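Worksheet: one structure, shown below.
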Amino acid sequence: MSSVNSEYLIKMIQVKADFEAEIYPGIKGDITIRIPAEQIISVVEIFLGNFDYCHLSAITVQKRAFDIENIEVFYNFWAGRSLSLMVELIGPSKQLPSLISLIPGADFYEREAAEMFGIEFTGREETPHLLLPDDWDEGPPFLSSEENDG
Amino acid sequence: MDKISIPIGPQHPLLKEPLSMKIDISGEKVLGGSLRLGYVHRGIERLAQQRTYVQDLYLIERICGICSHIHTTTFCRAVEALLGIEIPPRAQYIRGLMCELERIHSHLLWLGIIAKHIGLDTIFMHTWHDREMSLDIMEEISGGRVLHAVNQIGGVRIDLDQEHYEMIRRILKKLHSQVEGLLDVFETEPAAMARTKGVAPLSTELIKSYGVVGPIARASGVNFDIRRDDPYPPYDQIDFKVITHSGGDAWARTFVRVEETRESVNLCESILDNMPDGEVSVRVPRRVPEGEVIVRSEAPRGELFYYLRSDGSDKPARLKVRTPTLSALSLLPIQLSAINVADIPVVLAGVDLCVACADR
């Protein structure tokens, strides 16, 4: 496993992107760094420029509860160890800059997050559904309430 | 020459699973393509939130018909991490044995498919015959050829006795000699060389930028294997080789999978040689303490990613599954660019598609 630790990452982000990121200590087996949504591109650029091998494993999206509007987005990387960037989408606006110009492999992950959670990724072409039927009109499945569960 | 778009799928004789592709060609040259998933999307992540952890084991095992065991292994490891328990060493080794048998079965299945697509029907029949041996072992020890239901939260539900050891060693010995000859075929058979050497090469940079993992990445020189780089039992206690090749073409992908099959046979033998004594499971509570965890395993097709969050109840609050096929599929349109129409089957087969895994 890599010797990368949370202090090193926070300092690296502070020096190179000029803002104070914070550690989200919740996830076992992972260093999770909480950043503002508008900083995602700059921090990913730092990651890609600083690690010999860094790939995006997944984009994990979740709502803590059905009655909470906020959505959490985790960009899960492998960079010699498990490393995630956490972004919180607060309020009704569910926009995030797309990563596909930096990581073309983010395409399917973003499309899935868009379909399942209604996130709008900006800076990329609109694409047809990847997983849901073309005529799906019931809204993002993960945003429907528990009562709608079959 | 005019561009023609050919729709392939979602149901097509070339594909074993439903996947819709549109391939643009001009004469004999492929210009590019796009694809559409979702025909076997079952909403498993959402369904998992509505079931208990024990019920989820049965659900998750059904994500994939090839690598069902690695899915439940990864899920169990995630739940056990949140429970803060370590399963008995014997259970870890039995899980590892099943994982390697599954890798043998998956790789031999793939080799058969690629052989079939390049016209080596005899090799297709040989590899699928050999694959039966790994399925026979799994059936003998678990009762299931496809769904083994070996894992339970807290360990495994089966144990091995002396008769099992003898049977497994006998079959592995036979499998070993069969796999030895496989690489010779791909190294010497002119048809195999002509249809794979230099076909659909993938550079290391492209693999890295798309986050492609597993044998495809290792065949392009990416030296990454979760079993070694984020080791979990029993791989942290057993020596094994990570197979890589710098070729990046369809032949390199074949080489890596043949060598990995051989290495998995060796690993199975090492696991049996070092099998600890003792219990195979521990009792666990029904409710899982509040918390979040990320767990990765090396599935036959590469890094398998699970995120699990518990709210303290007996059902997951969120389960995220990223299968290795999804990253490989995103690269498919690039792979299809500038190849010959006749190479489409080799490229498609080379990805080792598992649509059920990608769709979930």
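These figures come from a predicted structure and were not determined experimentally. Here is how names work: the chains are called A, B, and so on, in the same order as the sequence lines, proteins then strands, and each is numbered from 1.
Summarising the geometry, atom NE2 belonging to A/His55 is positioned 7.5 Å from atom OG belonging to B/Ser327; distances are rounded to the nearest 0.5 Å.
The neighbour count for B/Tyr58 OH, taken as heavy atoms of other residues, nucleotides or ligands under 6.0 Å away, does not exceed 12.
The greatest number of non-hydrogen atom pairs below 4.5 Å with chain B, out of A/Ser84, A/Pro133, A/Pro128, A/Ser57, is found for A/Ser57. Ranked by heavy-atom pairs under 4.5 Å with chain B, the list A/Leu48, A/Leu102, A/Leu130, A/Thr127 is led by A/Leu130. Counting heavy-atom pairs closer than 4.5 Å to chain B, the top-ranked of the candidates A/Ile59, A/Val61, A/Asp107 is A/Val61.
Stacking of B/Arg228 on the aromatic ring of B/Phe240 is not recorded, the 6.0 Å distance cut-off and the 45° axial limit not both being met.
Closest heavy-atom contact between B/Gly214 and B/Glu298: CA-OE2, 3.9 Å.
Among B/Asp56, B/Thr74, B/Val288, B/Val293, the one residue that satisfies the side chain to side chain contact (heavy atoms under 4.5 Å, CB included) test with B/Leu308 is B/Val293.
In this structure, chain B has heavy atoms under 4.5 Å from both the backbone and the side chain of A/Phe142. Neither the backbone nor the side chain of B/Glu290 comes within less than 4.5 Å of any heavy atom in chain A. At a 4.5 Å heavy-atom cutoff, the contact between A/Asp52 and chain B is made by backbone atoms alone. With a threshold of 4.5 angstrom between heavy atoms, B/Val40 does not approach chain A through any atom at all. Only the backbone of A/Phe77 comes within less than 4.5 Å of a heavy atom of chain B; no side-chain atom from C-beta onward does. For B/Leu329, the parts lying under 4.5 angstrom from a heavy atom of chain A are both the backbone and the side chain. At a 4.5 Å heavy-atom cutoff, the contact between B/Val213 and chain A is made by side-chain atoms alone.
The six-membered or imidazole ring of B/Phe224 lies near that of A/Trp78, with a centre-to-centre distance under 6.0 Å.
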side-chain contact (heavy atoms from CB on, under 4.5 Å) between B/Glu292 and A/Asp30, intermediate numbers included: CA-CA 10 Å; B/Glu292 297 165 69; A/Asp30 186 63; over 6 Å; no
